[in-house]
Amino acid sequence: MNSIQVSHKCIGDGDGFTAYVDTTDPRVSATVPLEVHELVIARTKARNDRDYQTADALLNTIGEAGYKIITISGEEILARKYRIRMRGIDAPELKMPYGKESKNALMKLIGGRSVTIYVYGQDQFGRYVGDIYCDNVFVQEQMLKCGHAHHFKTYDKRPEFAKVGKLLYQNALVECPKIPTVVLQHVSGRKRQKLQTEGFGHHKTLRNHGIGEESSAMGGKIPS
């Protein structure tokens, strides 16, 4: 499915964001509850009657149902809200070291742009887990190659992702022998790889040594 332009405010960290999809999309339209359509009609009537207090209350109810009315080119559309967890990668939490840098990297890739989402399921938090493409770029691959995220091996076994991560670490150690050995840390039961450096984060260190500056979309068939 294709999203409306992703707002920068909807990007939570380096591996998750909120997307809105126009309900006229055939894959979404059939799932919109009748009650939501009725709320939209009631809000339109309230606005026409200049009953803005009622209109605002109805707008809040629509939001609580997981939908949002968005104005594009002067026209209002009803969009469905999707909380997205990017499949196969794991980025630092926002309050963790280099969490903001990871978030900023994702903002540069998808902020203000429409994305294509291939959903594979939902996680335990109700987020939709999927592969993300933006302007023909495979977003997870780009985040991995630039050192802004780790391959989430626990839940993703794709050899392409494992290869990207392995090459990054190998190249970092070869091109900059002063970088200490990669240390494996366990955080909340999940393996995280971290380069122990003085004054540099994982992705900063890699980029400062010319690694992960360029990336192309991963080959192979895009899942339907």
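- Counting Ile, Leu, Val, Met, Phe, Trp and Tyr side chains that sit under 4.5 Å apart, directly or through other members, L78 shares a hydrophobic cluster with V32, V36, L39, V40, L58, L59, I62, Y67, I69.
- In terms of the side chain to side chain contact (heavy atoms under 4.5 Å, CB included) criterion, residue partners of I77 (sequence neighbours excluded) are, by chain and number, I4, D22, I70, I72.
- Closest approach of A79 to Y20, counting heavy atoms only: CB-CB, 3.9 Å.
- Every residue two or more places apart in sequence or in another chain that forms a side chain to side chain contact (heavy atoms under 4.5 Å, CB included) with I11 is listed here: V6, F17, K103, L106, M107, I110.
- The side chain to side chain contact (heavy atoms under 4.5 Å, CB included) check on V119 picks up M1, I117, Y128, with sequence neighbours excluded.
- Y82 and Y120 fall within a single hydrophobic cluster, where Ile, Leu, Val, Met, Phe, Trp and Tyr are joined by side-chain heavy atoms under 4.5 Å apart, directly or via other members.
- The pair K95-D13 does not count as a salt bridge, with every side-chain nitrogen at least 4.0 angstrom from each carboxylate oxygen.
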Check your understanding: Should M143 and I132 be marked as a side-chain contact (heavy atoms from CB on, under 4.5 Å) after you check the CA-CA gap, both sets of side-chain angles, and the distance that decides it?
Key -> CA-CA 11 Å; M143 291 291 287; I132 313 301; over 6 Å; no

Practice item. Would you check, one step at a time, whether the test side-chain contact (heavy atoms from CB on, under 4.5 Å) holds for Q122 with V129? Key: CA-CA 5 Å; Q122 288 183 268; V129 180; 5.9 Å; no

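- Taken to the nearest 0.5 Å, the NZ atom of K100 stands 13.0 Å off from the OH atom of Y98.
- Side chain of T31 to backbone of V28: a donor-acceptor contact under 3.5 angstrom is found.
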Practice item. Determine, stepwise, if the pair Y133 / V115 fulfils side-chain contact (heavy atoms from CB on, under 4.5 Å). Key: CA-CA 6 Å; Y133 289 80; V115 299; over 6 Å; no

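- Applying the salt bridge (charged side-chain N to carboxylate O under 4.0 Å, His left out) definition to pairs two or more places apart or across chains, those involving residues 111-126 are R113-D135, D123-R127.
- Hydrophobic cluster of F125: no remaining members, since no ILVMFWY side chain lies below 4.5 Å from it.
- Counting all heavy atoms, side chain and backbone alike, P92 lies closest to P97 at CB-O, 3.8 Å.
- Residue pairs that meet the salt bridge (charged side-chain N to carboxylate O under 4.0 Å, His left out) test with at least one member in residues 44-64, sequence neighbours left out, are K45-D49.
- Every side chain to side chain donor-acceptor pair (under 3.5 Å) that T116 has, sequence neighbours left out, goes to N2.
- Looking at heavy atoms from C-beta onward, F152 lies out of side-chain contact with H150 at the 4.5 angstrom threshold.
- Sorted by first and then second residue, the salt bridge (charged side-chain N to carboxylate O under 4.0 Å, His left out) pairs with a member in residues 65-74 form an empty list; sequence neighbours excluded.
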Review point. Hey, mind stepping through F161 and Q140 against side-chain contact (heavy atoms from CB on, under 4.5 Å) and telling me if it holds?
Key: CA-CA 9 Å; F161 279 15; Q140 289 109 295; 3.8 Å; yes

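- In terms of the side chain to side chain contact (heavy atoms under 4.5 Å, CB included) criterion, residue partners of S7 (sequence neighbours excluded) are, by chain and number, K9, C10.
- Applying the ring-ring contact (aromatic ring centres under 6.0 Å, His included) test to every pair with at least one member in residues 32-60, sequence neighbours left out, gives no pairs at all.
- Residue pairs meeting the salt bridge (charged side-chain N to carboxylate O under 4.0 Å, His left out) criterion with at least one partner in residues 23-43, sequence neighbours excluded, are D25-R27, R43-E76.
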